[in-house]
Amino acid sequence: MSIDSSVGSAADTTAQTGALSADADWWRQAAVYQIYPRSFADADGNSIGDLRGITSRIPYLKDLGVDAVWLSPFYPSALADGGYDVDDYRDVDPKIGTLHDFEEMSAALTEAGIRLIVDIVPNHTSDQHAWFQEARRSPKGSPARDRYIFRDGLGPDGAQAPSDWESIFGGPAWTRITEPDGSPGQWYLHNFAQEQPDLNWKNPEVREDFKKTLRFWSDRGVDGFRIDVAHGLTKDLPENLPTQAEMDTMPQDGSHPIWDRDDVHEIYREWRQVFEEYSPPRIGVAEAWVSSERRPLYASAEGLGQAFNFDLLEADFDAAQFRDIVSFNLGLSEASGSSSTWVFSNHDVVRHATRYGLPTPAEDPQAPADEKAGTSWLLSRGSEPRLDAEGGLRRARAATLFELALPGSAYLYQGEELGLHEVAEIPDADRQDPTFFNSPGVSVGRDGCRVPLPWSRQGGSYGFGPGQAHLPQPEWFSRYSVEAQEQDPESTLNLYRSALRLRRELQSREALEWLSTHHDTVLAFRRPNGWICVTNFGEVPATLPSGELLLSSSPLTTDGELPGEATAWLQS
Ligand code: GLC
C-alpha cells in the first residue's frame with residue numbers, strides 16, 4: 001500500500017486564518033491538560049489531591065509541554081458529585097487548599113508559561129450552598145425559593161412529584177423538601193443528583209452572581225472558563241409539565257423546555273462582555289451535549305467562543321469516521337469563526353486506551369447495543385479477560401498523534417499521557433460516583449478514570465501523596481507510573497512530550513489538506529509548512545510518503561513502512 005502527496009479535492013481543504021502568536025488567540029490551537037484536582041497530587045497527605053500538589057508538579061507540566069491546564073472544580077463541596085456540587089463558587093475547598101494556595105499556583109503557572117482555565121458549574125449549586133439552605137428555610141413563594149425551581153407536588157396532599165422526569169444520573173429529577181414547620185413540602189428540580197438543585201436562570205440575582213464569580217477568578221489570574229452543562233441553564237416550564245416520554249420526543253431546536261434553549265445564549269452574551277473587560281479577554285469553552293449543528297451557537301465570538309466537540313470521543317477507531325468528523329468539524333468552526341476542539345478522554349468517560357481495547361458492541365453479542373463509552377459494559381467485563389490492553393494502548397497512541405496534528409485545540413485528560421487504562425477493579429464499597437449509586441447494576445460509574453495518578457513505581461499511593469489515595473490504585477499502576485516511564489524512550493509519556501514539543505514548533509495556520517492514500521484504512525493530511533500526519537487504521541503496513549520522519553506512535557517496520565494501528569509525523 002502506498003501514499004502519495006497529491007492533494008485531495010478542493011472541497012476537502014479547510015483553510016482558516018488565525019494567528020497563534022497573537023496573545024488574545026492563545027486558545028485557538030492550545031494543548032489543554034485537564035487536571036481533576038482531587039486525583040492529581042496530594043501534598044498534605046489527606047488522601048485527596050490539592051492545589052499545593054498541583055503547584056509541586058508544575059515542572060512536570062512544563063516538561064510535558066502543555067499550553068494550559070483546565071482544573072475541574074476545586075470549590076468547597078461535600079463531593080456528592082466529585083466537586084460538581086458546589087457549596088461556594090468563590091472559595092477553595094479546605095480539603096484541597098486555600099485561596100492563598102490558589103494564588104500561588106496561579107502565579108507559578110504563569111511563571112511556567114502555562115495558562116489556567118477553571119470549571120464553572122452554573123446549572124446547579126449543591127444542596128449545601130447558602131442559597132439552597134436559605135430556600136429550604138424560607139416559605140413557599142419567597143425570593144429565596146425563586147433562585148431554584150420549586151413546584152408543588154401533585155395529588156391531594158402534594159405527595160406525588162410534579163412530573164415523572166428522570167435525572168441524568170438515574171432516579172427521579174424532583175425531590176421533596178420538609179418545610180420549616182416540619183410538614184412535607186414543595187419539590188425541587190435536579191437534573192443531576194438530588195444534592196444538585198437546578199438554578200432558576202430567570203432570576204436576575206442568579207445572573208448577577210455568576211458574573212461576580214467570573215470576575216472573582218479572572219481577577220486572580222484565571223485565563224478562561226470551562227462551562228459545565230452549558231446547554232442546561234435556562235428552562236421554560238409550562239404550568240402543566242410534559243411527561244418524560246413527551247419531552248424525549250420534543251425537537252431540540254432551541255425551544256425544548258430544558259435543554260439547549262435559544263435563550264441560554266443571552267447569558268453567554270453577557271458573559272462575553274465580562275470576558276472582554278480583561279486583557280487578553282478571558283475565554284470560555286462550553287460543555288454542551290448538543291447536536292453538532294447547534295454547537296456553533298455556543299462557540300460564537302459573541303458567546304463563549306469555543307465548545308467541546310465530542311465526536312472523536314464517540315467514534316470507533318475507524319478511518320472513515322475520523323475523516324468525516326474532522327472535515328465536518330473544521331467546516332463548523334470555520335463557519336462560527338471559532339477553532340475546533342478535540343478530545344478523547346475526560347473525567348466522565350472510560351479512558352480511550354481502554355475503549356479501544358474492548359470489543360465493539362458489534363463484536364460482542366453480550367454488549368448492550370447502546371453502549372459506546374461502555375461503563376456498564378466494563379462493569380461486567382472488569383479489566384480482563386476481554387480487554388486487549390496492549391492493542392488498546394497502541395490504538396490510543398495512534399489516535400492521540402492524529403489528534404495532536406489537527407488544527408484547533410486538543411484537550412488532554414490527566415493520565416492519558418501515561419497510557420493509563422480505566423481502573424475496573426474498584427470494590428463497590430470504595431465507589432464514589434452518584435451514577436453508580438443511582439443506577440444499581442446498570443452503571444458502574446466514572447470512578448475508574450478518576451483514580452489518583454501514579455507518580456512513582458512504589459509507595460503507599462505510588463507517589464500520589466504521603467497518605468493513601470482516596471480511590472484504590474491497582475498494582476499495575478506501578479508499571480504505568482511517571483517514574484517507570486521517564487527513562488524509557490518508547491514510553492507513552494515520552495511520546496506525548498515529543499509530540500507536544502513538535503506541535504509547538506510545527507503549528508502555524510489553522511489549515512489542513514487531505515492527501516490521497518489509495519487505501520480506505522489510511523488517512524493522511526498535510527498542515528502548512530510541510531507537516532504531514534499519516535494514520536494507518538488497518539493492519540497491513542503502509543508505505544509512507546517521502547519526507548523526514550519526525551515521530552511515530554509505533555516503530556516503523558524493517559522495510560520502513562508504517563505498521564498497522566499507528567501514526568507517523570513527517571516533514572516534507
Ligand atoms: C458535567 C460534568 C460531570 C458532572 C455533570 C454535573 O457533565 O463533566 O462530571 O457530573 O456535569 O455537574
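For clarity, every value in this text was computed on a predicted model and none was experimentally measured. Each ligand, and each atom within it, is numbered from 1 in the order the structure gives.
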#### Entry: Val423 and Gln473, any side-chain heavy atoms less than 4.5 Å apart
no

### Message
At less than 4.0 angstrom from any non-hydrogen atom of His124, what atoms of ligand 1 do you find?
### Response
6 (C), 12 (O)

### Query
Hey, would you say the Phe132 and His190 ring centroids sit under 6.0 Å apart?
no

### Shortest protein heavy-atom distance from atom 11 (O) of ligand 1, along with the residue and atom involved
Asp228 OD1, 2.9 Å

### Query
Do the ring centers of Tyr60 and Trp455 come within less than 6.0 Å of each other?
yes

### Message
Within the 4.5 Å heavy-atom criterion, are Asp101 and Val92 side-chain neighbours or not?
### Response
no

### Query
Quick one: does Phe169 get a heavy atom under 4.0 Å from ligand 1?
yes

### Message
Show me which atoms of ligand 1 lie under 4.0 Å from any heavy atom of Arg450.
### Response
9 (O)

### Summary
Residue, atom and distance of the protein heavy atom nearest atom 4 (C) of ligand 1 read Asp81 OD2, 3.4 Å

### Query
Any cation-pi pair here, Arg220 with Phe216, using under 6.0 Å and within 45°?
yes

### Message
Show me which atoms of ligand 1 lie under 4.0 Å from any heavy atom of Phe192.
### Response
5 (C), 6 (C)

#### Entry: Between Trp217 and Phe102, ring centroids under 6.0 Å
yes

### Task
May I ask you to check if ligand 1 and Asp348 share an N or O to N or O distance below 3.5 Å?
yes

## Note on the structure
If we number the atoms of ligand 1 from 1 as shown, the ones under 4.0 Å from a heavy atom of Arg446 are 3 (C), 4 (C), 9 (O), 10 (O)

### Query
Charged N to carboxylate O below 4.0 Å: is that the case for Arg137 and Glu134?
no

### Query
Where is the nearest protein heavy atom to atom 7 (O) of ligand 1: which residue, which atom, and how far?
Glu287 OE2, 2.7 Å

